[in-house]
Amino acid sequence: MFALLLAAEHLLLPPLETAEGPGSAPASPALYAGIAIKLLYLVPYFIVGHDVIRKCFIGIKNKQLFDESFLMTLATVGAFGCGEFEEAVAVMLFYQVGEFFQSYAVGKSRGAISDLMDIAPEFANRENEDGSTEVIEPDDIEVGDILIVKPGERIPTDALVVEGHGLINTAALTGESVPREVKEGESVISGCINGDTLLKVQAVKEYDDSTVMQILELVENAASRKSETESFITRFAKYYTPIVVIAAVALAFIPPLISGNFTAEFSKWLLRACTFLVISCPCALVISVPLAFFGGIGAASKEGVLVKGSNFLEQMSMLDTIVTDKTGTLTEGKFSVSYMEAAGEMDTDELIRYAAAAESGSTHPIASAITEACKKPYPPSKIKDTQVQAGGGVKAIVGRDEIIVGKKSYLEEQGIETEDTLADAAGTHCYVARNGKYIGTIVVSDKPKANAKEAISAMLKAGVKHVVMLTGDSESVASSVASELGITDYRAELLPQDKVNVAEEMLSVIKASTKGKGKLAFIGDGINDAPVLSIADVGIAMGSLGSDAAIEAADVVIMDDNLTRIPKVMKIASRTIGISRMNIVFALFVKFACLILGAAGIANMWVAVFADVGVAVICILNSMRMLIKDNEQLKVQN
Ligand code: ADP
Ligand code: MG
């Protein structure tokens, strides 16, 4: 307000000496021409800055006083007040150029991420009942529609193949470069690209519910879950701006008051205060830090990894411990029967028939191995009262007999003694009992995933201190898998609830030993591991492409089963944090230096414009690196 009055005074009243000078004539025409020219500066000022001024007033009305528009308006009005007309207009102009550049950069990065992901289908070919086809918008697909996907076209929505078979490229969604084979009856997900053959598919989901839309939404919403670094910047701006304004007011008034000659000194200090305000604009940080995270999440998506929020990306760079499930995570999760031994008069054919009958009601991977190994299964009508004990085994009535299949401790709990004639056979031992009597052992085995060992050593190299395997399986299987994969730490024979307890215990140990800086990630298959997934700092679900449950429960979803993506995402995360920190340090350093120079009267408005707009542009360019070449580098390194 004061500045406005001062500006008015400058414009309307002729300088004092002229007005009151001895014997001066009434103001000369030249003087009025000067005032008119100065008034003319208001025209470009308002043209360039009207929306900033408007935003400033809206801010004042909404009681959100201290934003950038407020700082800029105050500073430029102040500059007018000091008679620095060119500077006032120039500051507004450069500020607007900077703003334009910023919105361009942000828009460009969003565009870059969708291009990067490039998964949205543009159209669909629908086959009508009369056999004709028509091209429709993906939005118009209805469940049950028959769609034709020609070679090279994108599958428009999640669907079932009804005719044709061929290879589809899932790279854009999973990062997996090897095409996947599909045939009649198999499901395909939207966004994949069809290979060389024509596929006829039937839509099972509308476009809005399709995998592509889920992924795009996830990536867009990810930005709303703020990382610590981002919330720090928001909090910082909240306190920083008012402090700067108060400092500027003090700078305008206190030195002239102390000098004793207020009127003479005031306009000089007011100008310094305005310079100070321009420099202090925090926009470089407010925009560039979220942009870096946005880029990081985009880079991870390109690797086939969905990170559900900036906070999770940030935590991926701080992992102290990775806890993993065994079956289906470190191992293939596809068991097969490797040995059998029947006790007493029982023969192995009969043994497996009984076991398979009991297992027919279980969905455990072990159950499918046993049922597949049985050539003459009991008819389902003979099997009843199946009871599944998670992490233990299964019990059922087969014919007139009670059959139990499970791990040693599960049988012992029910008072059944087991024998260990196959003790040396590697694999998971399933003990079988009939009517409370041990009748034999079936050994099933599963093999570690091909790249699991490599993935674990890459995690350790990327900075994780411990990799711990948790399993419900026996000590001997756990130790052989662990040593094969180079895992030093494992816990075996855990019930599902024990896994949660172990994870909680580890969380508190890590918290205490790293003062809250180290994070724990849990990798599981996303369905039966949901409790542990949710208590871990970062819950990572594996290979659950298209499974809604896993996408819901986890914080990070790896689209294919590939564990080696985790260390890659850790690198992307560290890079993101590195770039954000670099921006914070650089911006604060330049601003702080310029603030001191501005207060001392050494830096003028032009330096101030650089400190604001220039720094913002540099920080934004730095953040945009996250989107461009670094991803390629990551690929080459690994
Ligand atoms: P993991 O921790 O490896 O995912 P689970 O917790 O699912 O394993 O199961 C732990 C152990 O319980 C298995 O290794 C197996 O010995 C036994 N078990 C669980 N379910 C069954 C079943 N349906 N049939 C036989 N054994 C089972
Ligand atoms: Mg499991």
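Only this structure's heavy atoms are used, side chains among them; waters, hydrogens and symmetry mates stay out. Start at 1 and go down the list; that is how both ligands and their atoms are numbered.
The contact set between ligand 1 and D325, taken as ligand atoms under 4.0 Å from a residue heavy atom, comprises 2 (O), 4 (O). Near T327, meaning under 4.0 Å from any of its heavy atoms, are these atoms of ligand 1: 1 (P), 3 (O), 4 (O). Atoms of ligand 1 lying under 4.0 Å from at least one heavy atom of G472, given by number and element, are 1 (P), 2 (O), 3 (O), 6 (O), 8 (O), 10 (C), 11 (C). Those atoms of ligand 1 with a heavy atom of D473 less than 4.0 angstrom away are 10 (C), 14 (O).
The line from CD of E484 to CG of L330 is 11.0 Å long, rounded to the nearest 0.5 Å. The line from OG1 of T331 to CG of D325 is 8.0 Å long, rounded to the nearest 0.5 Å. A distance of 10.5 Å separates CD of E493 from CG of D498, quoted to the nearest 0.5 Å.
For K408, the NZ atom counts as densely surrounded, since its 6.0 Å shell holds more than 12 non-hydrogen atoms of other residues, nucleotides or ligands. Within 6.0 Å of CD on E163 lie no more than 12 heavy atoms contributed by other residues, nucleotides or ligands. Crowding of E417 atom CD: a count of heavy atoms from other residues, nucleotides or ligands under 6.0 Å not exceeding 12.
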Margin query: Checking L351 against D349 for the side-chain contact (heavy atoms from CB on, under 4.5 Å) test, could you report, in this order, the C-alpha distance in whole Å, the side-chain angles of both residues, the deciding distance, and whether it holds?
Written below: CA-CA 5 Å; L351 175 72; D349 283 347; over 6 Å; no
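Of all the listed residues (E359, H364, K395, K408), E359 holds the heavy atom that lies closest to atom 25 (C) of ligand 1. For the residues G392, G393, G406, G328, the heavy atom positioned nearest atom 17 (C) of ligand 1 is part of G392.
With a 4.0 Å heavy-atom cut-off, ligand 1 is reached by the side chain of I366 but not by its N, CA, C or O.
Of the polar atoms of V405, none of the N or O atoms is found under 3.5 Å from an N or O of ligand 1, judged by distance alone. Below 3.5 Å of separation, one finds no N or O of A367 facing any N or O of ligand 1. No N or O atom of H429 sits closer than 3.5 Å to an N or O atom of ligand 1. Ligand 1 has no N or O atom lying under 3.5 Å from any N or O atom of T428, backbone or side chain. Polar contact with ligand 1: absent for Q389 (N/O pair, distance under 3.5 Å). Considering backbone and side-chain N/O atoms, S362 comes within less than 3.5 Å of an N/O atom of ligand 1.
Screening V307, V305, I577 for a side-chain contact (heavy atoms from CB on, under 4.5 Å) with L313, the sole residue that qualifies is V307. Y431 pairs with exactly one of T418, T441, D420 by the side-chain hydrogen bond (donor to acceptor under 3.5 Å, both in side chains) rule, that one being D420.
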